[in-house]
Student: 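The following block contains the structure, expressed as structure tokens.
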Number of protein chains: 2
Amino acid sequence: MNDNTSNRVKSIETTIAIIEALQPKEGARVTEIATELDIAPSTVHRHLSTLHDHNFVKKSGDQYALGMRFLSIGGYLQHKKFEYRMAKTKIEDLAMETSERVQFVIEENGRRIYVHTAVGENAVETDSHIGKQGPLHCSAAGKAILANLPEPEREEILTGGGLEQITPQTITDPDMLRKELTEIRNTQIAFNKEESTPGLHAVGTAVTGKNDELIGGISVSGPAHRMMGDRFTKEIPKLLLGVANELELNIKYNQ
Amino acid sequence: MNDNTSNRVKSIETTIAIIEALQPKEGARVTEIATELDIAPSTVHRHLSTLHDHNFVKKSGDQYALGMRFLSIGGYLQHKKFEYRMAKTKIEDLAMETSERVQFVIEENGRRIYVHTAVGENAVETDSHIGKQGPLHCSAAGKAILANLPEPEREEILTGGGLEQITPQTITDPDMLRKELTEIRNTQIAFNKEESTPGLHAVGTAVTGKNDELIGGISVSGPAHRMMGDRFTKEIPKLLLGVANELELNIKYNQ
DNA sequence: AAGGATATTCCGTAATAGGGAATGTTTTAT
DNA sequence: ATAAAACATTCCCTATTACGGAATATCCTT
């Protein structure tokens with residue numbers, strides 16, 4: 001397609017660099033960012049002022065920080081799609097039923113992104129948050145998505161970028177993963193046994209929409225000691241498939 | 001301060017215009033955006049490619065749409081602050097207790113922004129979503145925040161921009177509002193009677209942090225016919241103040 | 001297979017983004 | 001209280017680059 005990287009707007013890349021530098025900070029001064037990125041303070045100031053005008057950056061005194069415009073746009077995208085709104089209520093039900101953490105995940109650019117999360121009574125605290133992203137091949141919902149992706153895209157992910165090793169249990173061999181994905185296509189259930197986080201197990205399934213196009217995936221995750229035996233391999237998968245099915249029916253006929 | 005509007009990066013303003021044009025659309029082609037904004041297709045293409053490189057825009061075929069990078073950054077900001085994470089669990093409890101819709105709101109740039117929302121069993125469906133923003137003076141949590149803002153900032157909002165009339169009930173007279181805000185400072189409870197949405201009532205209170213600095217506000221909202229009598233004026237305020245108090249204690253001592 | 005529409009790339013030029021210096025402003029040290 | 005240091009902000013010149021128009025490629029329609 002177009003990956004001709006020469007035809008780009010440099011000043012936007014500068015602005016993005018500034019945004020990225022600002023993100024982890026509570027607040028930063030002009031010089032701090034200028035030094036960090038090795039650009040002139042006057043330049044940083046000009047960019048920050050521009051971003052501030054549009055609420056992408058907030059300012060108190062001479063401390064600059066990212067503003068909530070990002071959440072405004074992100075939240076709007078999360079809310080705009082009927083499918084995502086439906087998914088939200090469904091995973092909340094499932095979190096209540098299972099008492100565990102439940103997430104609704106989509107694929108973008110070959111990676112998984114949490115669009116909604118719901119926590120049940122016993123849900124584990126994780127550092128996962130809305131919008132957080134990671135590779136597909138090491139999570140339950142991610143593998144379920146991967147299994148249902150069109151073959152060329154799937155193969156691109158399997159062979160193209162290399163399957164990053166996240167934990168000792170992460171499956172990094174394309175052949176082993178291919179085999180598992182075939183199994184997932186048959187059962188529509190994917191398991192994650194400490195492949196993304198040590199001590200964490202998860203069960204996932206894919207969600208499809210009107211013309212059977214892939215929407216995303218749902219996963220239920222919890223500590224390995226609780227996610228085991230029949231509860232892990234039978235009960236939760238059954239609840240999960242039930243919810244995914246209801247969701248799919250809602251998507252197909254409710255609007 | 002610096003509101004010298006001459007010293008800005010024009011190409012970033014172009015990019016922001018493109019982002020804004022893209023936001024409400026499901027997807028758009030290059031020409032569509034170029035026509036709408038009256039700039040050259042080659043320029044639009046260059047901007048979109050740059051944004052796409054950084055996942056602010058996604059592309060399928062020649063349809064461009066906003067990407068989840070906005071949610072990634074927004075979700076990160078929402079999750080980073082300990083106070084906001086605490087608020088999330090607290091409003092979920094309150095939503096369960098009251099069965100209504102509960103929101104955690106902050107102020108930025110003189111406007112309110114929903115940072116977390118929780119829905120109870122009977123919660124009304126609204127178009128409000130995470131990140132949505134609006135004026136402070138017409139909502140319960142907004143008025144609670146306004147009442148607790150430092151005087152100069154409050155006066156700037158009251159007299160500076162003009163109090164927009166959102167519904168027939170919105171209070172737009174600065175003097176009437178000042179009187180109500182004094183009352184709110186005494187009781188720490190704010191009411192909203194169809195001032196932002198016809199048919200919707202809400203109760204709100206402010207949340208303060210370690211050095212009594214203002215963090216945000218919490219509101220409980222529901223249909224007017226259910227939010228009335230003692231439930232509206234006594235029971236819900238009591239529950240709300242209880243939760244706000246717990247939250248403040250958590251913020252002050254738990255970390 | 002041809003024609004139309006649109007995406008994408010190329011390229012010259014006018015506009016502007018960038019840096020350094022000048023000017024405020026605030027904080028720190030004495 | 002004053003001086004000095006540190007930094008934000010503004011100003012201005014110049015090298016860079018963002019822009020638009022033209023050329024080319026690609027896709028779609030008939």
Side-chain angles (χ1 to χ4, degrees), chain A residues 1-22 25-67 109 150 152-153 211, chain B residues 1-22 25-67 109 150 152-153 211:
Chain A
M1 292 253 159
N2 75 319
D3 19 9
N4 185 341
T5 178
S6 69
N7 198 30
R8 296 295 185 271
V9 188
K10 281 244 179 75
S11 49
I12 293 173
E13 313 218 285
T14 303
T15 270
I16 293 173
I18 291 172
I19 289 169
E20 284 171 351
L22 229 40
K25 297 183 199 290
E26 216 50 63
R29 329 257 315 250
V30 172
T31 313
E32 186 182 343
I33 302 292
T35 309
E36 202 172 309
L37 300 177
D38 196 31
I39 44 186
S42 55
T43 302
V44 172
H45 180 263
R46 194 172 335 109
H47 280 260
L48 287 173
S49 299
T50 310
L51 290 169
H52 181 236
D53 284 352
H54 298 272
N55 289 334
F56 286 103
V57 156
K58 67 176 176 177
K59 187 185 179 186
S60 31
D62 43 19
Q63 293 278 322
Y64 291 88
L66 291 191
N109 256 293
E153 291 179 43
N211 305 108
Chain B
M1 294 254 156
N2 76 318
D3 18 11
N4 185 340
T5 178
S6 69
N7 198 30
R8 296 295 185 271
V9 188
K10 280 243 180 77
S11 49
I12 293 174
E13 312 218 286
T14 304
T15 271
I16 293 173
I18 292 172
I19 289 169
E20 284 171 351
L22 229 40
K25 296 185 200 288
E26 216 49 64
R29 328 255 319 248
V30 172
T31 314
E32 186 181 344
I33 302 292
T35 310
E36 203 172 309
L37 300 178
D38 196 32
I39 45 185
S42 56
T43 301
V44 172
H45 180 263
R46 194 171 337 108
H47 279 260
L48 287 173
S49 299
T50 310
L51 290 169
H52 181 236
D53 284 352
H54 298 273
N55 289 334
F56 286 104
V57 156
K58 68 177 173 176
K59 187 185 179 187
S60 31
D62 42 20
Q63 292 278 323
Y64 291 88
L66 291 192
N109 254 296
E153 291 180 43
N211 305 108

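The chains referred to below are lettered A, B, ... by the order of the sequence lines, with proteins before strands, and numbering in each begins at 1. Note that the structure is a prediction, hence the values are computed from the model and not measured.
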Student: Without decimals, in angstroms, what is the distance between Gln63(A) CD and dT25(C) C1'?
Tutor: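 Distance, rounded to whole Å: 16 Å.
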Student: Could you give the CD-to-P distance, from Glu13(B) to dT16(C), as a whole number of Å?
Tutor: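 Rounded to whole Å, this separation is 11 Å.
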Student: Do the side-chain N and O atoms of Glu20(A) and His54(B) include a donor-acceptor pair separated by under 3.5 angstrom?
Tutor: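 Judged by distance alone, the side chains do not pair up.
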Student: Answer yes or no: is there a donor N or O on one side and an acceptor on the other, between the side chain of Thr43(A) and the main chain of Ile39(A), under 3.5 Å?
Tutor: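 Here the side-chain-to-backbone pair does not exist.
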Student: Within this structure, what is the NE2-to-P distance between His52(B) and dT8(C), rounded to whole angstrom?
Tutor: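 Checked: the NE2 to P distance equals 10 Å.
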Student: Any side-chain N or O of His47(B) under 4.0 Å from OP1/OP2 of dA18(D)?
Tutor: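 So the side chain of His47(B) is outside the cut-off, no N or O lying under 4.0 Å from OP1 or OP2 of dA18(D).
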Student: From C-beta outward on Tyr64(B), which listed nucleotide comes closest to its side chain: dT9(D), dT8(C), dT10(D)?
Tutor: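 When the side chain of Tyr64(B) is considered, dT8(C) is the closest of dT9(D), dT8(C), dT10(D).
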Student: State which of dG18(C), dT8(C), dC19(D) makes the closest approach to the side chain of His45(B).
Tutor: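 Nearest to the side-chain atoms of His45(B), counting from C-beta on, is dT8(C).
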Student: With nearest nucleotides of DNA chain D determined for Val9(A) and Arg29(A) from heavy-atom distances, which residue corresponds to the more 5′ nucleotide?
Tutor: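 In this pair, the answer is Arg29(A).
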Student: With a 3.5 Å cut-off and heavy atoms only, can you find an N or O donor on one side and an acceptor on the other between the side chain of Ser11(A) and the base of dG18(C)?
Tutor: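 By the distance-only test, no, there is no pair.
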Student: Name the residue closer to the 5' end of DNA chain C, choosing between Pro41(A) and Asp62(A) according to the nucleotide with the nearest heavy atom.
Tutor: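 Nearer the 5' end of the strand: Pro41(A).
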Student: Just by distance, do the side chain of Ser49(B) and the backbone of His45(B) share a donor-acceptor pair under 3.5 Å?
Tutor: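 A pair under 3.5 Å: yes.
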Student: So if I take every side-chain heavy atom of Arg46(A) and compare against dT9(C), dA17(C), dG20(D), which nucleotide ends up nearest?
Tutor: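 Nearest to the side chain of Arg46(A) among the choices is dA17(C).
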Student: Mapping Val30(A) and Ile12(A) onto DNA chain D by nearest heavy atom, which one lands closer to the 5' end?
Tutor: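 Mapping each residue to its closest nucleotide by heavy atoms, the 5'-most match is Val30(A).
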Student: Rounded to the nearest angstrom, tell me the gap between atom CD in Glu32(A) and atom P in dA6(D).
Tutor: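 So the CD-P distance, Glu32(A) to dA6(D), works out to 16 Å.
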Student: As an exercise, state the distance from CD1 of Ile16(A) to CG of Leu51(B), rounded to the nearest 0.5 Å.
Tutor: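 Between atom CD1 of Ile16(A) and atom CG of Leu51(B) there are 6.0 Å.
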Student: For dG19(C) and Thr43(A) - does any side-chain N or O of the residue sit under 4.0 Å from the phosphate oxygens OP1/OP2?
Tutor: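 The answer is yes; a side-chain N or O of Thr43(A) sits under 4.0 Å from OP1 or OP2.
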Student: For Val44(A), run the side chain to side chain contact (heavy atoms under 4.5 Å, CB included) check against Thr15(A), Val30(A), Thr14(A), Leu37(A) and tell me which one passes.
Tutor: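 Answer to the side chain to side chain contact (heavy atoms under 4.5 Å, CB included) test with Val44(A) among Thr15(A), Val30(A), Thr14(A), Leu37(A): Val30(A).
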Student: How many whole angstroms separate atom CG of Asp53(A) from atom P of dT9(D)?
Tutor: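 Result: 13 Å.
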Student: Just how far, in rounded Å, is P of dT17(D) from NZ of Lys10(A)?
Tutor: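 In whole Å, dT17(D) P and Lys10(A) NZ are 4 Å from each other.
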Student: How many whole angstroms separate atom NZ of Lys59(B) from atom C1' of dC27(D)?
Tutor: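 After rounding, the gap between these two atoms is 13 Å.
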Student: With a 3.5 Å cut-off and heavy atoms only, can you find an N or O donor on one side and an acceptor on the other between the side chain of Ser42(A) and the base of dG18(C)?
Tutor: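 No, no donor-acceptor pair under 3.5 Å.
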Student: dT9(D) P sits how many Å from Arg8(B) CZ, rounded?
Tutor: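 So the two atoms are 10 Å apart, to the nearest Å.
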